[in-house]
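Contents: one structure, followed by commentary.
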2 protein chains.
Amino acid sequence: MTPTHDPQLLKGVLSLLLLRLLAERESYGYEVVQRLRELGLTDISEGSVYPALARLEREGRVEARLVASRSGPARKYYRSTAAGTQALAEGTASWLSLAEVVHPVLVRRLPDPPTSTEDT
Amino acid sequence: MTPTHDPQLLKGVLSLLLLRLLAERESYGYEVVQRLRELGLTDISEGSVYPALARLEREGRVEARLVASRSGPARKYYRSTAAGTQALAEGTASWLSLAEVVHPVLVRRLPDPPTSTEDT
DNA sequence: CCGAGTACCTGGCATTGTCAAGTAGTAGGT
DNA sequence: ACCTACTACTTGACAATGCCAGGTACTCGG
């Protein structure tokens, strides 16, 4: 079970993941959603992914081409551009450096909270 | 150097950090900002922290009391409530589980990108 | 003809970090 | 007295972005 997925935590991380998945291999929106779900992000909705992909394309970080399919409507395949690869590197650095700060703080032991049945 | 701090990445994480710092010990806004800066979050602005603290109070996750100071205006000390402690636990779980998904994806080696000077 | 699976897009909404500006108290210099 | 600087908190307007709900459209099986 995913412990109460908080939408806010995903902010910024989603585009980073998309950039990464598309840098690994060309993919289309519907498939990207499935790849994210396989990674464990079961709560990601299409309504987040499609706009995010459109943003990335508008920003020149990915480029798209339409490919007909025999199993449904045409697919829009996206793949990373050079700018996308660079953005991925920078975004990854940001994430890692944030995680390096946040993680230790969250996992360090809490000092004993004051107990009312006990005093010094 | 902080690698191009992305505001979006902080979303949701900030309240989690505040909850954590206040669970460790009672603190007031201005001091919390300093504690965050010491942790390495040099770009955090007061304009983010004060509203976030107000939110946490409104949600009942922290409670506040005013304490006069001889070095300036009164300080508003916040400390975690029981609800805050629980929210901290849940939030930490969310963060850890997200990081567990994101981290491996971001650090795994990229397959060789196709080089234009070379073909199969 | 209808439902389900595939595939994409959009509008409106809520959350939340940032910037900028404002209000105030204390202390020290001139 | 006045000015500056540091401490300390608050607020309004703004931008980014994930989510929900709903819509369009193609293919295939009943």
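Letters A, B, ... are given to chains in the order of the sequence lines, protein chains preceding strands, and every chain is numbered from 1.
Taking each heavy atom of B/Leu53 and B/Val62 in turn, the nearest pair found is O-CG2, 4.2 Å.
A residue-by-residue look at B/Ser69 and A/Pro73 shows that B/Ser69 has its nearest nucleotide of DNA chain D further toward the 5' end. Between A/Lys11 and B/Tyr50, the one whose closest nucleotide on DNA chain D sits nearer the 5' end is B/Tyr50. For A/Gly72 and A/Pro51, each mapped to the nucleotide of DNA chain C holding its nearest heavy atom, the one lying further toward the 5' end belongs to A/Gly72. With the nearest nucleotide of DNA chain C identified for both A/Gln34 and A/Gln8, A/Gln34 has the one nearer the 5' end.
At the phosphate of C/dA7, OP1 or OP2 sits under 4.0 Å from a side-chain N or O atom of A/Ser71. For B/Tyr28 and D/dC9, the shortest distance from a side-chain N or O to OP1 or OP2 is not below 4.0 Å. Between B/Arg75 and D/dA8, a side-chain N or O to OP1/OP2 separation shorter than 4.0 Å is present. At C/dT15, none of the side-chain N or O atoms of B/Arg55 fall inside 4.0 Å of OP1 or OP2 (strictly under the cut-off).
Rounded to whole Å, the distance from CD on B/Glu59 to P on C/dT16 is 7 Å. Between B/Tyr77 atom OH and D/dT7 atom P the separation is 14 Å, expressed in whole Å. Residue A/Ile44 contributes atom CD1, which lies 9 Å from atom P of D/dG18 at whole-angstrom precision. Rounded to an integer number of Å, the gap from CZ of A/Arg37 to P of C/dT6 is 11 Å. Atom CG of B/Leu19 and atom P of C/dT16 are 12 Å apart (whole Å). Distance, B/His5 NE2 to C/dC19 P: 8 Å, rounded to whole Å. Atom NZ of A/Lys76 and atom P of C/dC9 are 4 Å apart (whole Å).
Between the side chains of A/Ser15 and A/Arg55, not a single donor N or O lies within less than 3.5 Å of an accepting N or O. Of the N and O atoms on the side chains of B/Glu90 and B/Gln86, at least one donor lies less than 3.5 Å from an acceptor on the other residue.
No contact: B/Glu31 has no heavy atom under 4.0 Å from any strand. Across all strands shown, B/Ala54 has no heavy atoms under 4.0 Å from either base or sugar-phosphate atoms. Residue A/Ser45 is classed as a sugar-phosphate contact, given heavy-atom separations below 4.0 Å to backbone atoms only. Residue B/Gly47 is classed as a base contact, given a heavy-atom separation below 4.0 Å to a base.
With distances taken from any side-chain atom of B/Tyr30 to the nucleotides D/dG18, D/dT7, C/dC9, the minimum falls on D/dT7.
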